[in-house]
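A short write-up of the structure that comes next.
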Amino acid sequence: MSKQVRVRFAPSPTGHLHIGGARSALFNYLFARHHGGDFIVRIEDTDRKRNVEEAEAKLIESLRWFGTEWDESIDKDGGVGPYRSMDRLDIYKEYIDKLVEEGKAYHCYCTEEELNAEREAMKARCETPRYSGKCRHLAPEQIEAYKAEGRTSSIRFRVPENREYIVHDHIRGEVKFESNGIGDFVIARPDGIPTYNFAVVIDDYLMKITHVIRGEEHLSNTPRQLMIYEAFGFEAPEFAHVALILNPDGKKMSKRDESLIQFVEQYRDLGYLPEALMNFLALLGWSPEEEREIFTREELIDKFSLSRVSKSPAIFDIHKLNWMNNHYIKQAPVERIAELCIPHMQKAGQLPQKLNEDQYEWAKQVVALYQEQLQYAAEITGLASLFFENEVQYDEEAKAVLSDEQVPDVMKAFHEELVTLKEYTPDTIKEALKAVQKVTGQKGKKLFMPVRVATTGLTHGRDLNQTLFLLGRDKVVSRVQNVINNYEKIAK
RNA sequence: GGCCCGUUGGAGAAGUGGCUUAACUCACCAGCCUUUCACGCUGGCAUUCAGGGGUUCGAAUCCCCUACGGGUCACCA
């Protein structure tokens with residue numbers, strides 16, 4: 001590999017950045033950086049019907065957030081652009097014309113209806129549905145007749161007969177395909193816009209791509225691309241086809257699949273950290289030699305190699321992502337996590353749209369309280385809801401705790417301590433609870449659980465002193481008072 | 001249906017002929033720690049590598065068949 005390594009991620013702007021796409025981008029990025037090469041992002045938008053408004057911008061935005069920095073793209077010219085297929089039409093035309101002139105491609109006048117009918121008939125006969133080659137050798141008169149009819153023509157590639165094409169795949173080894181199993185395929189539509197299989201070859205060649213790392217769904221298409229490389233006498237790049245990511249059922253992901261969050265943007269909005277998603281996705285289909293899971297970007301770059309990419313598909317496990325994201329959240333400065341959490345709390349009506357300094361400080365402390373157990377930022381609203389409820393609801397488990405016989409004594413003693421406290425801080429709260437222990441003789445679970453449940457409604461939670469502090473004396477007093485007043489009702 | 005790819009525990013996976021009575025991580029379960037809670041810690045979780053045949057002194061690792069899953073066969077990428 002003496003050549004400068006150049007790889008690319010070439011999505012079509014048909015929607016948001018998918019986690020599968022993100023992983024492809026990541027593998028390309030890691031490979032490029034590992035070899036000191038270039039990573040290019042190219043937009044394959046030759047299907048105008050499917051192009052979605054704004055999709056390109058969203059795609060780029062997601063990719064940028066994800067962190068796979070590119071060296072060349074639509075916003076960064078490296079001298080081999082443009083980097084958007086639809087801006088390269090003149091280039092494709094030149095190559096298509098050449099192929100037609102040399103007889104390696106030909107005009108096909110079949111209509112879509114004819115082709116569909118042909119395909120259906122073949123399927124009905126249990127044959128491989130592929131183009132019959134009807135227009136391979138049209139007589140000039142026939143062409144004139146079609147033209148007179150007003151028919152337009154697409155351009156088909158003349159697939160060589162009795163040939164074997166071998167894909168040398170870095171992940172799968174040698175994969176062989178018989179050309180006879182492949183029908184003449186369209187390389188350009190009637191309006192001159194090329195199809196993917198053609199454009200991708202021209203683009204990769206002209207952009208000096210050395211390694212094509214992409215999803216396994218492209219493996220079967222590779223022989224077609226190999227034929228085009230051959231037709232032009234271009235040297236083909238090296239290939240690596242990565243197995244797909246499956247949903248939790250072990251099935252292929254479909255757009256409407258709700259068993260899994262599929263788009264990078266959604267993970268960002270839920271409050272996942274990009275470095276966590278990157279670390280997780282890197283380990284989905286690739287494994288390092290070391291026995292550990294947490295890797296910085298630099299480490300991933302240093303260790304990544306195609307030879308350790310798995311051949312078999314992987315199931316996306318949200319539990320592991322959550323664990324990993326939690327790991328990164330714990331390490332992050334609280335300010336960063338607060339920045340992610342506060343908007344969720346505002347959206348939930350827990351915090352005002354504009355925070356003054358005190359409000360921000362308080363919110364930050366609430367976030368800090370939960371930082372250790374947060375799996376993603378959006379969870380904060382559920383975890384912190386106890387701070388915003390006016391009335392505490394007690395479920396069966398909570399009621400069971402409050403039904404203990406020592407509870408009224410503990411509550412009364414705690415109430416007494418609370419109202420006489422001079423200062424209300426985590427430390428003084430701690431002292432107050434110690435005083436309650438002395439007065440009532442209750443300690444441990446018998447002491448803390450009733451206080452926790454009475455004030456938060458929950459049997460699980462974070463550090464009690466800090467929780468009570470953040471809750472504020474008024475709320476705590478009134479909740480304790482409520483339990484005292486309604487002990488009989490709650491305990492029954 | 002043809003062609004192609006794959007199949008190690010619930011999940012990610014290591015393992016490329018003997019070091020494997022199958023590493024590591026997540027999840028799950030049990031216990032410990034903590035005057036509460038959480039974090040954390042410790043232990044348990046595949047006698048077996050989809051199934052069946054071979055090859056070999058010896059196979060998760062090599063070969064064949066079957067089953068299952070997936071990709072592709074578009075004027076989608």
Side-chain angles (χ1 to χ4, degrees), chain A residues 10-14 21 44-47 49-50 85 108 110-112 115-116 119 122-131 152-156 167 169 171-172 175-178 180-183 185-191 193-197 199-200 214-224 241 243-244 246 248 250-252 280 283-294 308 310-324 330 369-370 372-373 401 433-434 437 442-453 456 458-465 467:
Chain A
S12 63
T14 56
E44 299 274 357
D45 57 350
T46 53
D47 184 358
K49 289 187 206 123
R50 287 181 161 222
S85 298
C108 169
C110 295
T111 63
E112 229 167 311
L115 292 170
N116 284 337
R119 253 196 301 276
M122 286 176 122
K123 271 189 188 167
R125 276 176 275 139
C126 286
E127 288 173 28
T128 304
R130 67 182 150 115
Y131 180 63
T152 54
S153 66
S154 57
I155 312 279
R156 278 182 193 275
V167 180
D169 195 281
I171 296 168
R172 280 151 222 291
V175 184
K176 297 171 185 164
F177 294 89
E178 298 291 335
N180 292 354
I182 298 170
F185 54 95
V186 170
I187 57 173
R189 303 172 174 95
D191 56 12
I193 297 176
T195 57
Y196 167 78
N197 275 128
V200 74
R214 72 223 312 189
E216 194 187 4
E217 73 268 27
H218 291 287
L219 181 56
S220 299
N221 271 327
T222 309
R224 281 170 245 272
H241 288 94
L244 302 176
L246 271 25
K251 299 270 187 241
K252 179 184 84 155
F280 174 74
L283 260 34
L284 205 59
W286 170 79
S287 65
E289 287 182 58
E290 286 151 279
E291 293 178 355
R292 62 186 174 117
E293 308 287 316
I294 303 296
R308 294 189 68 85
S310 167
K311 290 181 175 68
S312 51
I315 292 173
F316 190 101
D317 182 20
I318 190 71
H319 293 294
K320 187 158 182 177
L321 205 214
N322 284 340
W323 164 79
M324 198 170 270
K330 282 192 281 194
L369 186 63
Y370 292 104
E372 203 169 85
Q373 74 169 185
V401 170
L433 282 167
K434 267 192 181 149
Q437 180 182 325
Q442 300 294 341
K443 58 175 183 175
K445 249 192 172 87
K446 292 273 183 189
L447 168 66
F448 289 93
M449 279 307 269
V451 172
R452 176 182 292 286
V453 172
T456 68
L458 303 170
T459 50
H460 301 267
R462 304 297 312 190
D463 180 80
L464 191 53
N465 302 323
T467 303

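Everything numeric in this text was worked out from a predicted model, so none of it was measured. A note on names: the letters A, B, ... follow the listed sequences, proteins ahead of strands, and every chain is numbered from 1.
- For the pair A/L244 CG and B/rA11 C1', the computed distance is 17 Å after rounding to whole Å.
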Taking N or O atoms only and anything under 3.5 Å, show me the protein contacts with nucleotides 61-64 of chain B, one pair per line.
none

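- Residue A/R214 contributes atom CZ, which lies 18 Å from atom P of B/rC4 at whole-angstrom precision.
- Listed nucleotides: B/rC5, B/rC75, B/rU25. Nearest to the side chain of A/K49: B/rC75.
- Here B/rC75 is the nucleotide among B/rA13, B/rG6, B/rC75 with the atom lying nearest to any side-chain atom of A/P190.
- If you check B/rA77, B/rC75, B/rG12 against the side chain of A/E217, the one that comes closest is B/rA77.
- As rounded to whole Å, 10 Å separates atom P of B/rG12 from atom CZ of A/F280.
- Taking atom P on both nucleotides, B/rC73 is separated from B/rU16 by 37 Å, rounded to a whole Å.
- Here the separation of B/rC28 from B/rU61, taken at their P atoms, is 33 Å to the nearest Å.
- Under the Watson-Crick and G-U wobble criteria, each requiring two contacts below 3.5 Å, nucleotide B/rA11 is paired to B/rU25.
- Using a 30° and 60° split on the angle between ring planes, A/H218 and A/Y196 fall in the tilted class, from 30° to 60°.
- Taking every side-chain heavy atom of A/E44 into account, B/rA77 is the closest of B/rA77, B/rC75, B/rU7.
- The A/R224 side chain lies nearest to B/rU72 when the options are B/rU72, B/rA14, B/rC24.
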Original post:
How does protein contact run along nucleotides 35-42 of chain B, one letter per nucleotide 5' to 3', with B for base contact, S for sugar-phosphate only, - for none, heavy atoms under 4.0 Å?
Top reply: BBBSSS--
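- Pairing partner, B/rU56: none, since no Watson-Crick or wobble contact has both distances short of 3.5 Å.
- Between A/S220 and B/rC3 there is no side-chain polar atom (N or O) within less than 4.0 angstrom of OP1 or OP2.
- Nucleotides B/rA27 and B/rG18, compared at atom C1', are 34 Å apart to the nearest Å.
- Taking side-chain N and O atoms only, A/R50 has no distance below 4.0 Å to OP1 or OP2 of B/rC75.
- The side chain of A/R156 contributes an N or O atom lying less than 4.0 Å from OP1 or OP2 of B/rC75.
- For A/N221, counting side-chain heavy atoms from C-beta on, the closest listed nucleotide (B/rC5, B/rA77, B/rA11) is B/rA77.
- The pairing partner recorded for B/rC41 is B/rG31, the criterion being a Watson-Crick or G-U wobble arrangement whose two distances lie under 3.5 angstrom.
- Considering only side-chain atoms of A/I315, the nucleotide from B/rG15, B/rA11, B/rA77 that sits closest is B/rA11.
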